[in-house]
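Comments concern the structure below.
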2 protein chains.
Amino acid sequence: MPALALNTATLGHNIDGHGAGWSPERVIDACAARGLAGIVFWRREIGARAVEIGDRVRAAGMEVTGLCRTPYLVGRNAASMDEVRAAIDMAAALGAPVLTVVTGGTEPGTRGLSETRKRLTDRLSVAADHAAGAGVSLALEPLHPMFGGNRTCLFTVRDALEVCAVVGSPRLGIAVDVYHVWWDATLAESLRAARGRILGHHLCDWLEDTSDMLLDRGMMGDGVADLPAIRRAVTDAGFTGIPEVEVFSRDTWWRRDPGEVLDTMIDRFRRVC
Amino acid sequence: MPALALNTATLGHNIDGHGAGWSPERVIDACAARGLAGIVFWRREIGARAVEIGDRVRAAGMEVTGLCRTPYLVGRNAASMDEVRAAIDMAAALGAPVLTVVTGGTEPGTRGLSETRKRLTDRLSVAADHAAGAGVSLALEPLHPMFGGNRTCLFTVRDALEVCAVVGSPRLGIAVDVYHVWWDATLAESLRAARGRILGHHLCDWLEDTSDMLLDRGMMGDGVADLPAIRRAVTDAGFTGIPEVEVFSRDTWWRRDPGEVLDTMIDRFRRVC
């Protein structure tokens, strides 16, 4: 099987009170036993144990493929730059080459996107400098347009690429998540323009009847996204990293045994991606 | 005030059990008393009374600006072409120059968009021929990408324009709804390319914290959409029709007195659009 990583959100580990509550060590062992190539953790799982957890992953023969994610850089719930720098430092300590960036929403008192994006590029310039010093890359993740307002100001690969161009740091790239971009008819064209900038590829599916904005993502093969076409476009645009499975699924996959979830995602990756 | 129309969804009239349940006649009188220029009805309000209701609107000094909407043309819940033709005939009987088209979702057994869009263009060609005979135009409404899967296969003005180009009928155009397109950084560019094709412009807002995919739209001024910029782009692209206010709002506006809702939407149109 080509290399595949688990994003621990697939086991419910990104939100309190969900998932089976396995420790990072138990997740690492279960992934290694199944031949996975890497793991992407969320900050909340790491705490002060970044070096220890990173070493444990590598001792098990895998990579820490990435870390999710920065606190918001803009919008009503924007963090301080110290908090952003702390997230970059956590990625470095973990040995994660990539930290995903979710931008946060519209700046208070503004409308539309231009003022928010201006503030975003200012803060990203500072963050990218710190990331360069720490040996970490930042992957801007365009989110589905339904997360506009309070979670993001970047909705397409093209949006993210424009911000990369303005910031102009070699440490800034893009994460391409099926859930967020599957609907975009210009995706392949935008990905071609993003050649060399693609730092992450997240696998999941868009369910035909999506019942919840945040927590009803589908396992690959259960939805309507054209996964092979998207993967081909990402690969054609030069992505050589390890794709990761990231399924937020409160009522389906987070209720299952994590071992079954891991087995299923590997099977689906082989058969439908 | 520049001409403005009510889309009766703003009063909850598009869904059973919501809104104050005013009759079409009472809505007409309330709109005329406030100096509105037109009304857009939903098919469910019209039944067999299309001619009667259309005449009543005109007798009150207003226009029937449009009719919402076709049944789905593609996807799991696609209607028969007879049902689509009946919707066109209803618009004609009502004297509505424009019938909005919501396409429906992904064709069963397919993934991605290309097969669904091929079927859509086939069915739209038939529908556009019937519309031409009936003196009605069809306005393709790109819906927000969160309605992918089960409600639409067109997510941007660019998507809709490509379908218009393939079908090639002078009776086919585009409806531009703030809720669905506010996030699109390429909107002004796409609208310029759509010059002459813009048949409708729907006003509302995108709330910073949107709590429901379908029924939590904002009144103009309560959200984060840059309404003046969108209206300018629509106008610059040659739209000379009457914009309509369409706010699906189960927990806020649909609970208010319809008179208060009408007064508010007129005030907001004057002040923030």
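Below, chain A is the first sequence line, B the second, and so on; all start at residue 1.
Atom OG1 of B/Thr156 is separated from atom CG of A/Asp184 by 7.5 Å, given to the nearest 0.5 angstrom. Atom-to-atom distance recorded for A/Thr186:OG1 and B/Asp159:CG is 8.5 Å, nearest 0.5 angstrom. With rounding to the nearest 0.5 angstrom, the CG atom of A/Asn150 is 7.0 Å from the OG1 atom of B/Thr210. For the atom pair CE of A/Met146 and NE2 of B/His144, the computed distance is 8.0 Å after rounding to the nearest 0.5 Å. Rounding to the nearest 0.5 Å gives a distance of 15.5 Å between CH2 of A/Trp206 and CZ of B/Arg111.
Residues of residues 191-199 of chain A placed with any heavy atom under 4.5 Å of a heavy atom in chain B are absent; none qualify.
Checked against ring pair (Phe, Tyr, Trp, His ring centres under 6.0 Å), A/Tyr72 has no partners two or more places apart in sequence or in another chain. Every ring pair (Phe, Tyr, Trp, His ring centres under 6.0 Å) that A/His180 has, sequence neighbours left out, goes to A/Phe147. Judged as a ring pair (Phe, Tyr, Trp, His ring centres under 6.0 Å), and not counting sequence neighbours, A/Phe269 has no contacts.
Contacts between B/Ser114 and chain A at a heavy-atom distance below 4.5 Å are absent for every atom of the residue. The contact between A/Ala225 and chain B is made entirely by backbone atoms, counting heavy-atom distances below 4.5 Å. Heavy atoms closer than 4.5 Å to chain B are found nowhere in A/Arg151, neither backbone nor side chain. With a 4.5 Å cut-off on non-hydrogen atoms, A/Asp209 touches chain B through its backbone and its side chain both.
The minimum heavy-atom distance between B/Phe155 and A/Trp183, with the atom names listed, is CD1-O, 3.3 Å.
Annotation: maximal heavy-atom pairing with chain B below 4.5 Å, among A/Gly105, A/Cys153, A/Gly223, occurs at A/Gly223. Of the residues considered (B/Pro145, B/Gly112, B/Gly149), B/Pro145 shows the highest number of contacts with chain A, using heavy-atom pairs under 4.5 Å.
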